[in-house]
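Below is one structure, written out as structure tokens; the observations come after it.
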Number of protein chains: 2
Amino acid sequence: MLSLAEENYLKSIYHLSDAGEKAVLTNELAEALNTKAASVTDMVKKLSTKEFISYEKYYGVKITSKGKSVALAVIRKHRLWETFLVQTLGFKWDEVHEVAEQLEHIKSTLLIEKIDEFLGYPQVDPHGDPIPNAQGKIKKLEKTALKNLTAGSESTIVAVKDSDSNLLKYLEKIGAKPGKKLTVISKEEYDGSLQVAIESQHYFISKEVSENILVTL
Amino acid sequence: MLSLAEENYLKSIYHLSDAGEKAVLTNELAEALNTKAASVTDMVKKLSTKEFISYEKYYGVKITSKGKSVALAVIRKHRLWETFLVQTLGFKWDEVHEVAEQLEHIKSTLLIEKIDEFLGYPQVDPHGDPIPNAQGKIKKLEKTALKNLTAGSESTIVAVKDSDSNLLKYLEKIGAKPGKKLTVISKEEYDGSLQVAIESQHYFISKEVSENILVTL
DNA sequence: CTACAAATTTAGACTTACCTAAAAAAATAT
DNA sequence: ATATTTTTTTAGGTAAGTCTAAATTTGTAG
Ligand SMILES: [Mn+2]
Ligand SMILES: [Mn+2]
Ligand SMILES: [Mn+2]
Ligand SMILES: [Mn+2]
């Protein structure tokens, strides 16, 4: 049985590695987990011994398929809980991430399957992120950050960053929800800011925000 | 912010003290928490420093009102979650206690208030135990264990012990649910076993079982 | 190629929540 | 009242997960 800390490390490694594609460095993990590099080295050794990751000193870690399946189970729980909180209990989409960070560690297969069934097997969470199924299969979205689009391009919002409550409140205000059409009207080379249209409303968007909105290719 | 261990200690102290009436001894607590007396002494000192309990060496602990309000908040969450699992997700009443032991430690006032609202402010959990309100007020049930009844007495089941899954499956089978009428037909002095009627069906009940069914006075 | 900087690991400590074994206090029995 | 048993506390350790500071390795720039 994995500890809360171990589960959080595996989840972060999974995310930072782009679903296991690339190696993750010690400092990246320390940053993501709000801890220190020395602590990461310790934990990474432990997870490596248990074969959830492979670790080569000074070269970072790669997640194994065993580790991936743990990570995906945690991500599944996180996203199902977020969906439940919004759809069933009426939470706002900026209120759910923190609570889901706790709920994702509840150990009960029955519970999460019942929630999934209760919700009618949702495919994506309130922020547009895909929900892995019980077997750990996850739909990979074809997506890019809004900041990569050029002036004139039209696209649809696929997902948004879920962990910044203030960002989410702002996105709500401008109607930047998954599913909405978005057109880039102009782009300022100097600071990377954009002018965009969402449902015929025009908005100025900072580069920072444009990094956290994911759109169709 | 209290740790999981601290919350569990306070909950156990509350239960073992009959809602704070009497002092709780070190060994009782060790037994209830599945730990050793030495560990209890350590924790009890810590909780005492933090003023959740008062502790006098060799004489056991008493819960303070500060401690009581923590305990009641945890009990509230436990019972609301159990109710949610049964009513909303279709868990059986013997499947919920273990999961609720985890869910009761989720930190989010909003979450538990939303669950309470969603359920329509239930007064008792699936095992008949009263649910404290958000202010920590709890209805004290007038109840006694079935084993204290004498032959001929009629009563109504108020609550049953919630933590033994096999007991609950058995009680389900004989229809011993909170709200049901129960008559003691005879009592065997030798081993304390009883013959009872529930909805005109007759059952032999061991002393052990009769200690875990609570009935009206 | 060498010097300096950046990233990472190692060493040594700390906190929480446990444990066992020994000592001390309280309860009970003679 | 004294001896024995039971309960509780103290002493000293352990494992998980964290930290700071120092040492080591790797990367970069002249
Ligand atoms: Mn989230
Ligand atoms: Mn999300
Ligand atoms: Mn319970
Ligand atoms: Mn219950």
Side-chain angles (χ1 to χ4, degrees), chain A residues 1-17 22-63 66-67 70-71 74 101-102 104-107, chain B residues 1-17 22-63 66-67 70-71 74 101-102 104-107:
Chain A
M1 182 128 301
L2 291 174
S3 71
L4 187 143
E6 290 171 321
E7 287 190 346
N8 282 335
Y9 270 82
L10 289 173
K11 187 174 54 134
S12 274
I13 292 166
Y14 179 88
H15 285 314
L16 292 172
S17 69
K22 56 182 204 201
V24 178
L25 305 178
T26 302
N27 272 355
E28 288 181 272
L29 260 180
E31 160 95 61
L33 290 162
N34 243 290
T35 184
K36 297 295 148 75
S39 311
V40 171
T41 300
D42 285 348
M43 178 60 93
V44 134
K45 282 177 181 169
K46 187 166 58 151
L47 289 172
S48 170
T49 306
K50 297 190 179 181
E51 302 193 295
F52 293 109
I53 58 178
S54 63
Y55 165 55
E56 226 185 317
K57 257 188 179 183
Y58 295 102
Y59 287 92
V61 303
K62 281 210 64 181
I63 195 161
K66 192 178 161 194
V70 171
V74 175
E101 285 291 308
Q102 299 178 60
E104 73 189 8
H105 301 290
I106 299 292
K107 261 104 178 157
Chain B
M1 179 125 306
L2 290 174
S3 71
L4 186 142
E6 289 171 321
E7 288 190 345
N8 281 335
Y9 268 82
L10 289 173
K11 185 172 58 134
S12 274
I13 292 167
Y14 179 87
H15 284 315
L16 291 172
S17 68
K22 56 181 203 201
V24 179
L25 304 177
T26 302
N27 272 355
E28 288 182 90
L29 214 38
E31 159 96 57
L33 290 163
N34 245 289
T35 184
K36 297 297 148 72
S39 310
V40 171
T41 301
D42 285 348
M43 179 58 94
V44 135
K45 282 178 180 165
K46 186 168 54 153
L47 290 172
S48 170
T49 306
K50 296 189 181 181
E51 301 193 298
F52 293 109
I53 58 178
S54 64
Y55 165 55
E56 224 185 318
K57 258 187 178 182
Y58 296 103
Y59 288 92
V61 302
K62 282 209 64 180
I63 195 160
K66 191 178 161 196
V70 171
V74 175
E101 284 292 308
Q102 299 178 59
E104 71 189 10
H105 301 290
I106 299 292
K107 261 101 178 162

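Every chain is numbered from 1, with letters handed out A, B, ... down the list of sequences. Predicted model, so just to flag it, every value in this text is computed and none were measured.
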Near DNA chain C, under 4.0 Å by heavy atom, which residues of residues 33-42 of chain B?
Thr35(B), Lys36(B), Ala38(B), Ser39(B), Asp42(B)
Integer-rounded Å distance: dT9(D) P and Lys45(B) NZ
8 Å
Calculate the interatomic distance between Asn8(B) atom CG and dT16(C) atom C1'; express it in whole Å.
15 Å
Is Lys45(A) reaching over with its side chain to a backbone N or O of Tyr55(A), donor-acceptor style, under 3.5 angstrom?
no
Could you report the tightest heavy-atom contact between Leu16(B) and Lys22(B), atom names first, then the distance?
O-CE, 3.5 Å
From CG (Leu47(B)) to CG (Leu10(B)), nearest 0.5 Å:
5.0 Å
Just the rounded figure in Å: distance from P of dT9(C) to CG of Leu29(A).
11 Å
Where Glu104(B) and Val74(B) come nearest, the two heavy atoms and their spacing:
CD-CG1, 3.7 Å
Could you go over nucleotides 22-28 of chain D and give all protein N or O partners under 3.5 Å, atom names and distances?
| unit_1 | atom_1 | unit_2 | atom_2 | d |
| --- | --- | --- | --- | --- |
| dT25(D) | O4' | Tyr58(A) | OH | 3.3 |

Heavy-atom closest pair (Lys50(B) atom, Glu6(B) atom, distance to 0.1 Å) is NZ-OE2, 2.6 Å
Looking at Lys62(B) and Ser17(B), would you say the former's side chain and the latter's main chain have a donor-acceptor pair under 3.5 Å?
no
Would you say Asn27(A) places a side-chain N or O within less than 4.0 Å of OP1 or OP2 belonging to dT8(C)?
yes
For Phe52(B) and Ile63(B), work out which heavy atoms get closest and say how close.
O-CG1, 3.7 Å
Should Tyr9(B) be listed as having a side-chain N or O under 4.0 Å from OP1 or OP2 of dC18(C)?
yes
Are more than 12 heavy atoms, taken from residues, nucleotides or ligands other than Glu31(A), located less than 6.0 Å from that residue's CD atom?
no
Report the distance from atom CE of Met43(B) to atom P of dT8(D), rounded to the nearest whole Å.
18 Å
All heavy atoms of Leu25(B) vs all of Tyr59(B), minimum pair found to be CD2-O, 4.2 Å
Just the rounded figure in Å: distance from P of dT8(C) to CD of Glu56(A).
14 Å
Glu6(B) CD to dT15(C) C1', in whole Å, measures 12 Å
